[in-house]
Amino acid sequence: MSKFVAPRTPKGFRDFLPETMLRRSYVLDSIKEVFHLYGFEPIDTPILELHETLFGKYGEDAEQLIFTAQHGRSRRDPLAMRYDLTVPLARVVGQYESQLNLPFKRYHIAPVFRGERPQRGRYREFWQCDADTVGVASMSADAEIVIMMVQILRRLGFPQFVIKINHRQLLVAIGEFSGVPNEQLPDLYRSVDKFDKIGADGVKRELIERGIDSDAVSRMMDLIQSKEPGSNSLELIAKTVGDDVKGLDDLRQLAQLLAEASIPPENFDFDFTMVRGLGYYTGPIFETVISEPNLGSISGGGRYDNLIGMFRRQSLPTTGTSFGIERIIDLMNELALYPPHLGGTLVQALVTVFSDETRRESTRIAHQLRQAGINTEVYLGRRKLGRQLAHADKKGIPIVAIAGPDEIEAGVVKLRRLRDGEEKMVDLKKLAQSAGELLADR
RNA sequence: GUGGAUGUAGCUCAAUGGCAGAGCACCUGAUUGUGGUUCAGGCGGUUGAGGGUUCGAGCCCCUUCAUCCACCCCA
């Protein structure tokens with residue numbers, strides 16, 4: 001006698017039913033397609049890593065959010081659940097260097113785990129979708145990442161998006177130029193990161209509250225708000241801060257490469273108020289925002305030349321991007337970007353069953369349809385025809401094949417399209433062809 | 001981790017401290033070979049859980065759990 005247990009998932013963990021999974025797969029498959037077009041290849045790694053692999057990489061605050069995992073009472077090899085896909089990449093590169101060809105271009109689509117308090121678009125288990133290039137120090141790799149991001153967002157059907165681009169070293173230079181001490185730079189990033197949310201005045205107030213000199217704050221705020229079309233804002237910074245500032249050259253090259261690739265100016269923007277939280281970035285940083293409607297960021301990334309050094313004597317330059325697919329999926333729902341053929345089911349035809357005696361014939365019909373590549377369900381229950389049609393209708397199956405004693409006797413099948421009630425009595429030999437026509441005809 | 005809101009049928013929500021309801025969904029029939037529309041009927045509840053106040057609690061109080069929102073942080 002088993003005890004009743006109220007069915008539920010752990011906090012921040014979700015189930016996905018078929019209708020949702022079809023949409024998730026559509027998004028992931030679309031992204032994969034573009035990754036492949038650019039020559040990125042998949043890897044996967046274990047959900048569990050050794051404790052020592054993850055800890056010491058993200059900073060103290062983030063480490064509080066890492067789930068740990070243990071088997072029974074074993075105290076050997078403490079384990080932890082992966083927190084992102086970037087540190088596992090760094091480990092893989094360190095571990096399999098001899099088997100990898102540099103430049104190594106990999107993508108990785110997999111769930112990661114963070115013990116945060118869940119909110120809309122924020123979960124404790126969520127999927128990340130990363131593409132990174134290892135072993136290329138030049139901007140050609142960064143440009144390729146940005147160009148691929150544009151391609152993916154187009155492929156998914158987003159009518160409007162902007163990839164904001166900034167540079168870690170440029171931010172440092174601007175901070176130094178303005179007179180912000182190095183040890184206060186993390187505070188500075190944290191506040192500036194909220195620029196979109198709390199505005200220039202909000203950032204200023206917060207920085208002064210954090211004890212940063214108010215003159216320095218003013219100088220810096222003026223600089224980061226430099227705004228000119230295209231790469232002109234780069235030159236504006238160059239005039240004030242100096243032409244030889246670290247990072248400026250990178251961004252100039254990037255601008256040049258993006259222009260050569262005919263990336264439309266409305267799809268990218270040098271924005272010195274954009275900061276990415278993660279500490280390991282060392283070069284250009286990217287973030288995609290959808291501003292109409294204003295729904296926040298859906299991808300982020302950048303260059304992190306030192307991280308792999310955690311798993312290898314000498315580091316390797318690395319740059320990449322990560323798509324926040326949970327948000328992308330929410331947004332695509334809101335913006336209705338899914339193609340119409342993506343209904344609630346992938347089943348294209350239901351073969352009804354008149355009685356147990358005719359089930360064999362229905363199964364044969366289904367086999368024929370399947371041979372022709374049509375996703376087919378044979379009704380497995382024993383309900384009357386009306387119920388079988390209702391099942392197809394409710395599930396969104398477009399056509400039904402009816403084979404009762406009369407049809408079987410005559411060697412025919414009646415095909416019915418539920419959308420408009422169109423019916424065809426077809427010969428068994430032409431079954432698949434006719435079904436295909438009914439499915440295609442709009 | 002901090003602050004706020006909400007928990008009533010499978011779902012969305014009603015119900016002055018006084019008999020727990022509606023819509024949708026589901027099931028049956030009208031219609032024994034035809035879904036969606038319609039009509040008639042039916043199933044469905046320890047009001048999140050535990051305690052307290054009261055003649056009487058879904059409603060008031062306390063505790064606890066869950067969910068959502070905002071912050072922190074982030075994808």
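Here the structure is a predicted model, which means the values were calculated and not measured. Numbers restart at 1 for each chain; the letters A, B, ... are given by sequence-line order, proteins then strands.
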>> Taking B/A22 as the reference, what is the distance to B/C43 when you measure between their P atoms (whole Å, please)?
In response: 12 Å

> How far, in whole Å, is B/U63 from B/C24 if one measures between their C1' atoms?
Replying inline: 36 Å

>> Under 4.0 Å, heavy atoms only, any strand: does A/A390 hit a base, just the sugar-phosphate, or nothing?
In response: sugar-phosphate

>> I'd like to know if A/K424 pairs up with A/E437 as an ion pair, taking the criterion as any Lys NZ or Arg NE/NH1/NH2 lying under 4.0 Å from an Asp or Glu carboxylate oxygen.
In response: yes

> With a non-hydrogen cut-off below 4.0 angstrom, is A/K11 in contact with a base, only sugar-phosphate, or nothing?
Replying inline: sugar-phosphate

>> At 4.0 Å (heavy atoms only), tell me whether A/Y123 reaches a base, stays on the sugar-phosphate, or touches nothing.
In response: base

> Between A/F67 and A/F13, how do the two ring planes meet: parallel, tilted or perpendicular, split at 30° and 60°?
Replying inline: perpendicular

> Distance between the P atoms of B/U28 and B/U32, in whole angstroms?
Replying inline: 13 Å

>> At 4.0 Å (heavy atoms only), tell me whether A/E423 reaches a base, stays on the sugar-phosphate, or touches nothing.
In response: base

>> List the residues meeting ring pair (Phe, Tyr, Trp, His ring centres under 6.0 Å) with A/F40, not counting sequence neighbours, and say none if there are none.
In response: none

>> Within the 4.0 Å heavy-atom criterion, would you say A/Q119 contacts the bases, only the backbone, or no part of the nucleic acid?
In response: base

> Can A/N166 and A/L171 be said to form a side-chain contact (heavy atoms from CB on, under 4.5 Å), step by step?
Replying inline: CA-CA 8 Å; A/N166 198 358; A/L171 279 169; 3.5 Å; yes

>> Within the 4.0 Å heavy-atom criterion, would you say A/G300 contacts the bases, only the backbone, or no part of the nucleic acid?
In response: nothing

>> What's the gap between B/C68 and B/U8 when it is taken at their P atoms, as a whole Å value?
In response: 14 Å

> Is any side-chain N of the basic residue among A/K57 and A/E49 closer than 4.0 Å to the acidic one's carboxylate O?
Replying inline: no

> Taking only Watson-Crick and G-U wobble pairs with both distances under 3.5 Å, what dot-bracket line describes RNA chain B, where [ ] shows pairs that cross earlier ones and | shows pairs with another strand?
Replying inline: (((((((..((((....[..)))).(((((.......))))).....(((((..]....))))))))))))....

> Which part of the nucleic acid, if any, lies within contact of A/K395, taking any heavy atom under 4.0 Å across all strands shown: a base, the sugar-phosphate backbone alone, or nothing?
Replying inline: nothing

> Do A/D84 side-chain atoms and A/V87 backbone N/O form a donor-acceptor pair below 3.5 Å?
Replying inline: yes

> Does a side-chain N-to-carboxylate-O contact under 4.0 Å join A/R303 and A/D305?
Replying inline: yes

> A/I402 near the nucleic acid: base, sugar-phosphate alone, or nothing, with a heavy-atom cut-off under 4.0 Å?
Replying inline: base

> A/S299 or A/P10: which one's nearest nucleotide on RNA chain B is closer to the 5' end?
Replying inline: A/P10

> When rounded to the nearest Å, what value does the distance between P atoms of B/G52 and B/G44 take?
Replying inline: 31 Å

> If you look at every strand shown and take non-hydrogen atoms under 4.0 Å, does A/E116 touch a base, only sugar-phosphate, or nothing?
Replying inline: base

> Does A/R417 use its side chain to pair, donor to acceptor, with the backbone of A/L439 at less than 3.5 Å?
Replying inline: no

> Could you give the start and end, 5' to 3', of the contact zone on RNA chain B for chain A, using atoms under 4.0 Å from its heavy atoms?
Replying inline: B/G1 to B/A75

>> Please classify the nucleic acid contact of A/E407 as base, sugar-phosphate, or nothing, using heavy-atom distances under 4.0 Å.
In response: base

> Does atom CD of A/E19 have more than 12 heavy-atom neighbours from other groups under 6.0 Å away?
Replying inline: no

> So what does A/R117 hit on the nucleic acid, given a heavy-atom distance under 4.0 Å: a base, only sugar-phosphate, or nothing?
Replying inline: base

> Expressed as a whole number of Å, how far does the P atom of B/G35 sit from that of B/A20?
Replying inline: 40 Å

> B/G50 and B/G23: how far apart are their P atoms, nearest whole angstrom?
Replying inline: 30 Å

> For RNA chain B, whose closest nucleotide is more 5', that of A/P405 or that of A/R276?
Replying inline: A/P405

> What distance separates A/F323 CZ from A/I109 CD1, expressed to the nearest 0.5 Å?
Replying inline: 10.0 Å

> Base, sugar-phosphate, or nothing for A/R114, non-hydrogen atoms under 4.0 angstrom?
Replying inline: base

> Which part of the nucleic acid, if any, lies within reach of A/D84 when heavy atoms closer than 4.0 Å are counted: base, sugar-phosphate only, or nothing?
Replying inline: nothing

>> I'd like the C1' distance from B/A66 over to B/A49, given in whole Å.
In response: 10 Å

> Is it true that A/R122 and A/E116 make a salt bridge, defined as a side-chain N closer than 4.0 Å to a carboxylate O?
Replying inline: yes

